[in-house]
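Worksheet: the structure to be examined is printed underneath.
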Amino acid sequence: VIETSCIKWVSLNSAGYTRYDTPDFLGAMKSRGGAFSNASSVFDEPCAQYLPAMMLAFSRQLPGGILAQTSKTWAYGDLRYKTFLLQGQTAILYGFGAIGQRLAEMLAPFKMNLIAVRRKPADFPGVKVVTAEQAEPLLKTADHVVNSLPQTAGTDDFFNADRFAKFKYGAFFYNVGRGTTVDQQALLTMLETHRLAGAYLDVTVPEPLPADSSLWTAPNCCITPHIAGGLRGEYERQVDHFIDNVRRYTSGKPLA
């Protein structure tokens, strides 16, 4: 039996830490001078790569092309003139931690107008960083809204009917954060009324998404089964991250 009062460092192999984000746990760790770390740096790169893939898929009409292939339809006129470029478009990134910052670096070559939302704005090259309140009037300018928010009491149904109503008509929505941050019925209404041009969802509530969910057949809604953070060698990457943190911890360096 391990005496929990002796624990000086808690290391998670996940990026999410919701179950530990409590006053009791955090207070106990702080009282003993303990360290707490997650594995966000394991998953930031795959999640960040996933998002440009989704944006490019929509801009180049890949979902429509794949759908047309299933019916052996040569949809030249329907698809060619719906394609567009990312250059000059505006993207608002909600959640500007490891994933959001890496995504901003990846989108830089596309010369997009990037706006990031975080509680405490800080300078970041090529990105306008604002608070959630400051972002509200900017939603009407965004061609793309990216959600990588964590699951907290303050983010439950963050993207609700009121906030979706502030979106630019024809915008695209992406969620690689947590399903709990989105009011899925409100999102469904936005898709069915074509207020949104499309949505890419890698997370839902619940997971797996039930077969009878209307999101499966919503217009221009693409769903993947919580794979954005995955990659071959994922477990080896977690082990390497932990070993690196052990070296940091034993030498008194900040944990990654």
Side-chain angles (χ1 to χ4, degrees), residues 45-94 99 102-115 126 138-148 159 164-177 179 182 184-204 208-232:
E45 187 71 20
C47 281
Q49 288 191 22
Y50 188 87
L51 286 160
M54 294 193 290
M55 290 182 173
L56 287 166
F58 271 138
S59 71
R60 306 319 301 163
Q61 298 298 311
L62 298 188
I66 293 171
L67 186 62
Q69 182 180 351
T70 61
S71 60
K72 300 179 182 179
T73 300
W74 192 256
Y76 178 92
D78 289 338
L79 297 178
R80 181 179 176 90
Y81 301 108
K82 290 181 181 178
T83 62
F84 58 90
L85 300 178
L86 295 180
Q87 278 84 347
Q89 295 208 317
T90 296
I92 297 184
L93 318 180
Y94 280 83
I99 295 172
R102 186 69 182 103
L103 172 62
E105 293 173 346
M106 291 181 179
L107 293 179
F110 292 102
K111 297 181 173 21
M112 300 178 72
N113 303 312
L114 300 180
I115 301 169
L138 302 177
L139 280 169
K140 63 184 178 184
T141 71
D143 303 286
H144 307 268
V145 179
V146 177
N147 174 22
S148 61
F159 288 96
F164 277 129
K166 298 175 183 178
F167 277 35
K168 178 180 181 179
Y169 186 90
F172 293 91
F173 178 71
Y174 312 81
N175 188 11
V176 297
V182 178
Q184 292 181 168
Q185 185 57 50
L187 173 61
L188 181 62
T189 298
M190 290 288 287
L191 289 165
E192 290 180 338
T193 59
H194 301 284
R195 282 291 309 280
L196 281 177
Y200 249 114
L201 310 176
D202 186 56
V203 288
T204 61
L209 187 66
D212 61 356
S213 171
S214 297
L215 283 173
W216 286 114
T217 54
N220 234 12
C221 183
C222 300
I223 299 171
T224 51
H226 206 136
I227 61 172
L231 72 161
R232 286 180 293 185

**Study point:** Candidate pair Leu187 and Leu196, rule side chain to side chain contact (heavy atoms under 4.5 Å, CB included), full reasoning
**Key:** CA-CA 9 Å; Leu187 173 61; Leu196 281 177; 3.5 Å; yes

Check your understanding: Which heavy atom of Pro46 sits nearest a heavy atom of Gly230, and at what distance?
Key -> CB-O, 3.7 Å

Check your understanding: Rounded to the nearest 0.5 Å, how far apart are OG1 of Thr90 and NZ of Lys168?
Key -> 7.0 Å

Revision key, fill the gap. Contacts of Asp78 meeting side chain to side chain donor-acceptor pair (under 3.5 Å) (sequence neighbours excluded), chain-then-number -> none

Review point. What's the shortest heavy-atom distance between Ala197 and Gly170, and which atoms?
Key: CB-O, 3.2 Å

Study note, to complete from the structure: Residues pairing under side chain to side chain donor-acceptor pair (under 3.5 Å) where one sits in residues 187-199, two or more places apart or in two chains, turn out to be none

Study note, to complete from the structure: Here the pair of heavy atoms bringing Ala218 nearest to Leu188 is CB-CD1, 3.7 Å

Point to revise | CG-CG distance between Leu56 and Leu85, expressed to the nearest 0.5 angstrom | key: 10.0 Å

Check your understanding: Take atom CD in Gln69; do more than 12 heavy atoms of anything else shown fall under 6.0 Å from it?
Key -> no

Point to revise | With sequence neighbours excluded, residues passing ring pair (Phe, Tyr, Trp, His ring centres under 6.0 Å) with Phe173 | key: Phe159, Phe164

Check your understanding: Residues in side-chain contact (heavy atoms from CB on, under 4.5 Å) with Pro225, at least two apart?
Key -> Ile227

Point to revise | Residue from Asp143, Asn147, Leu138 passing side chain to side chain contact (heavy atoms under 4.5 Å, CB included) with Ile92 | key: Leu138

Practice item. Sequence neighbours left out, what passes side-chain contact (heavy atoms from CB on, under 4.5 Å) with Ile66? Give chain and number order. Key: none

Revision key, fill the gap. Residues at least two apart in sequence or cross-chain that pass side chain to side chain donor-acceptor pair (under 3.5 Å) with Glu105, listed by chain then number, are Arg102

Check your understanding: Backbone N or O of Gly88 within a donor-acceptor pair of the Asn113 side chain at under 3.5 Å?
Key -> yes

Review point. Can you name the side chain to side chain donor-acceptor pair (under 3.5 Å) partners of Gln89, sequence neighbours left out?
Key: His144

Review point. What pairs with Ala68 under side-chain contact (heavy atoms from CB on, under 4.5 Å), at least two apart in sequence or on another chain?
Key: Thr73, Ala75

Check your understanding: How far apart are the closest heavy atoms of Leu191 and Pro219, and which atoms are they?
Key -> CD2-O, 3.5 Å

Exercise for review: Give every residue pair that meets the ring-ring contact (aromatic ring centres under 6.0 Å, His included) criterion with at least one member in residues 53-91, sequence neighbours excluded.
Suggested key: Phe58-Phe172, Phe58-Tyr200, Phe84-Phe172

Review point. At their closest point, which heavy atom of Ile99 faces which heavy atom of Ala48, and how far apart are they?
Key: O-CB, 4.0 Å

Practice item. Sequence neighbours left out, what pairs pass side chain to side chain donor-acceptor pair (under 3.5 Å) with at least one residue falling in residues 210-226? Key: Tyr50-Thr224, Asp202-Thr224, Glu207-His226

Exercise for review: Locate the shortest heavy-atom distance separating Met112 from Leu107; write the atom from each residue and the value.
Suggested key: SD-CD2, 4.2 Å

Practice item. Any chance you could measure Gln61, atom CD, to Leu67, atom CG, to the nearest 0.5 Å? Key: 11.5 Å

Check your understanding: So, do Leu103 and Pro52 sit near enough that their side-chain heavy atoms are less than 4.5 Å apart?
Key -> yes

**Study point:** Side chain to side chain, Gln184 and Leu201, heavy atoms closer than 4.5 Å
**Key:** no

Practice item. Could I get the full list of side chain to side chain donor-acceptor pair (under 3.5 Å) partners for Lys166, not counting sequence neighbours? Key: Glu136

